[in-house]
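Below is one structure, written out as structure tokens; comments come after it.
As the structure is a prediction and not an experimental result, all values here were calculated from the model.
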Amino acid sequence: MSEQLEGQNLPDFQALQLDFAAHIRNPELNAIPDGIEARRMAIYNRLFYNNIESFCSMRFERAKSMLGEERWHQMIRDFVHRHQCKSPYFAQISEEFIAYLAMERSEPTDPPYLLELCHYEWLPLYFDRMVGELPTYQPCSDPLGTKLKASELSLTRRYVWPVHKIALDFQPIEPPAKPTWALAFRNRADKVDIKHVDAFTANLVETLRTPMTGLDAIQAVLGDSTKLDEARLEQLSLRLDDLVELDVLVMRD
């Protein structure tokens, strides 16, 4: 029995659509469908590829500079050819590209930090598009005793590589001993920001996904057996206060 290929036994127009899409995804592997002028097909090819490549170039500027023009275009062509996008929206192309890097890309010559660098470059767009609204600001006079909660417009991320430092003149081969913790958020003025924090601060924010007092959150992160003197409590109270002022933590009744 002969193998049934995709597109067989379909109405002519649907089969033509599949052939058309296959050629656009990779013109080198898939011939121009019968009956379509090569000049017109080339226009579709350029428009399709250039739109996706341009969007990725703007979002992943540093990643592109690390790879160089030739390797970058080879990767984008592979993305276009191989990845099946789940969303039809251009704004989500970068998210689809990260999924491609994480699940489908396996090129040994890629920089080992490529996926993490692209994720880091994608974060501002993620928060630009995030739907949500913060409650009215209230000053917090006692962050240790006040019930707090992490903003829904915030995210912490642990990176193995120092993604905020990678550049043309700094391309590490081995990851450092300590990871990089990023705290990304959007504030009440709709400004997106990324702070680089320590593991304690990141864990504190994540612990406060569940509302509790600042002191309870600190004890949950450090462990109930940890004894805190007055100076340390004052220092941690200021840490909480900074996070409230940044709109990363909000007050709960």
Side-chain angles (χ1 to χ4, degrees), residues 25-26 28-29 49-87 90-130 154-186 192-207 221-222 239 242-243 246 248:
R25 283 179 174 273
N26 198 323
E28 293 184 3
L29 292 181
Y49 177 81
N50 289 346
N51 280 337
I52 293 177
E53 191 280 327
S54 176
F55 197 90
C56 290
S57 291
M58 288 187 295
R59 179 51 49 195
F60 306 113
E61 185 176 354
R62 280 199 290 154
K64 180 179 180 178
S65 69
M66 299 299 105
L67 292 172
E69 286 288 334
E70 183 177 353
R71 291 171 65 198
W72 169 258
H73 283 284
Q74 288 173 350
M75 182 170 65
I76 297 300
R77 176 56 70 188
D78 187 60
F79 167 56
V80 170
H81 170 63
R82 188 185 303 183
H83 185 70
Q84 298 290 328
C85 290
K86 302 297 189 295
S87 170
F90 262 90
Q92 291 182 273
I93 287 176
S94 53
E95 190 172 342
E96 297 281 359
F97 183 69
I98 290 171
Y100 154 77
L101 290 178
M103 302 177 67
E104 298 160 33
R105 181 77 175 172
S106 59
E107 175 53 57
T109 61
D110 285 344
Y113 50 77
L114 182 62
L115 173 59
E116 288 197 341
L117 177 60
C118 287
H119 185 278
Y120 183 75
E121 291 194 278
W122 165 76
L123 280 179
L125 178 63
Y126 173 72
F127 281 96
D128 277 341
R129 295 179 52 251
M130 184 180 285
S154 67
L155 175 149
T156 61
R157 179 78 178 197
R158 179 186 182 274
Y159 294 105
V160 172
W161 298 90
V163 287
H164 57 306
K165 296 180 179 179
I166 292 173
L168 284 174
D169 58 353
F170 178 66
Q171 300 185 48
I173 299 175
E174 298 289 338
K178 293 185 178 180
T180 293
W181 289 93
L183 170 60
F185 57 95
R186 194 174 82 208
V192 176
D193 200 358
I194 301 177
K195 303 290 186 186
H196 305 109
V197 299
D198 56 19
F200 171 80
T201 300
N203 287 328
L204 185 61
V205 171
E206 290 307 310
T207 298
V221 174
L222 295 178
R239 181 84 56 93
D242 287 342
L243 293 171
L246 288 171
V248 173

Applying side chain to side chain contact (heavy atoms under 4.5 Å, CB included), run through Phe97 and Ile52 and close with a yes or a no.
-> CA-CA 10 Å; Phe97 183 69; Ile52 293 177; over 6 Å; no
Show your reasoning for whether side chain to side chain contact (heavy atoms under 4.5 Å, CB included) applies to Ile166 and Tyr120.
-> CA-CA 11 Å; Ile166 292 173; Tyr120 183 75; over 6 Å; no
Check against side chain to side chain contact (heavy atoms under 4.5 Å, CB included), Phe200 and Val221 | CA-CA 7 Å; Phe200 171 80; Val221 174; 3.5 Å; yes
Leu183 vs Leu243, side chain to side chain contact (heavy atoms under 4.5 Å, CB included): CA-CA, chis, key distance, verdict | CA-CA 10 Å; Leu183 170 60; Leu243 293 171; 3.9 Å; yes
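Of the possible donor and acceptor atoms, none in the side chain of Arg62 sits under 3.5 Å from a partner among the backbone N and O of Glu121. Looking at Glu53, its side chain never comes within 3.5 Å of a backbone N or O of His73 through a donor-acceptor pair. A donor-acceptor contact shorter than 3.5 Å links the side chain of Gln171 to the backbone of Leu168. With Arg157 contributing its side chain and Leu123 its backbone, the two residues share no donor-acceptor pair below 3.5 Å.
Here Thr109 pairs with Arg71, Glu107 under the side chain to side chain contact (heavy atoms under 4.5 Å, CB included) rule; sequence neighbours left out.
Looking only at side-chain heavy atoms (C-beta outward), Leu246 and Lys195 come within less than 4.5 Å of each other. You'll find the side chain of Ile98 reaches within 4.5 Å of the side chain of Phe60, heavy atoms only. You'll find the side chain of Phe127 reaches within 4.5 Å of the side chain of Leu155, heavy atoms only. Side-chain contact between Phe79 and Leu101 is absent, with no heavy-atom pair separated by less than 4.5 Å.
Contact record, Met75 with Leu67: CE-CD1, 3.2 Å, taken as the closest heavy-atom pair. Nearest heavy-atom pair, Pro112 versus Ile173, reported as atom, atom and distance to 0.1 Å: CG-O, 4.1 Å. Closest non-hydrogen pair, Pro124 versus Val192, comes out as CA-CG1, 3.9 Å. Taking every heavy atom of both residues into account, Trp181 and Ala202 meet most closely at CE3-CB, 3.4 Å. Minimum heavy-atom separation, Ser57 to Trp72: OG-NE1, 3.4 Å.
Between the CG atom of Asp78 and the NE2 atom of His83 there is a distance of 11.5 Å, given to the nearest 0.5 Å. In this structure, NZ in Lys165 is found 7.0 Å from OG1 in Thr180, a value given to the nearest 0.5 Å. Taking CE of Met66 as the reference point, atom CG of Asp110 lies at 13.5 Å (rounded to 0.5 Å). Atom CD of Glu104 sits about 7.5 Å away from atom OH of Tyr100, to the nearest 0.5 Å. Separating the CD atom in Gln92 from the CG atom in Leu125 is a distance of 9.0 Å, to the nearest 0.5 Å. Rounding to the nearest 0.5 angstrom, the gap separating the CZ atom in Arg82 from the CE atom in Met103 is 12.5 Å.
Counted by atom type alone, Asn51 and Ser54 present zero donor-acceptor pairs between their side chains at under 3.5 Å. Side-chain contact of Glu95 with Tyr126: a donor-acceptor pair under 3.5 Å is absent, judged by distance alone.
Ring-centre distance between His164 and Tyr159: not below the 6.0 Å cut-off.
Arg239 has a carboxylate O that lies under 4.0 Å from a charged side-chain N of Asp198, or vice versa, which qualifies the two as a salt bridge.
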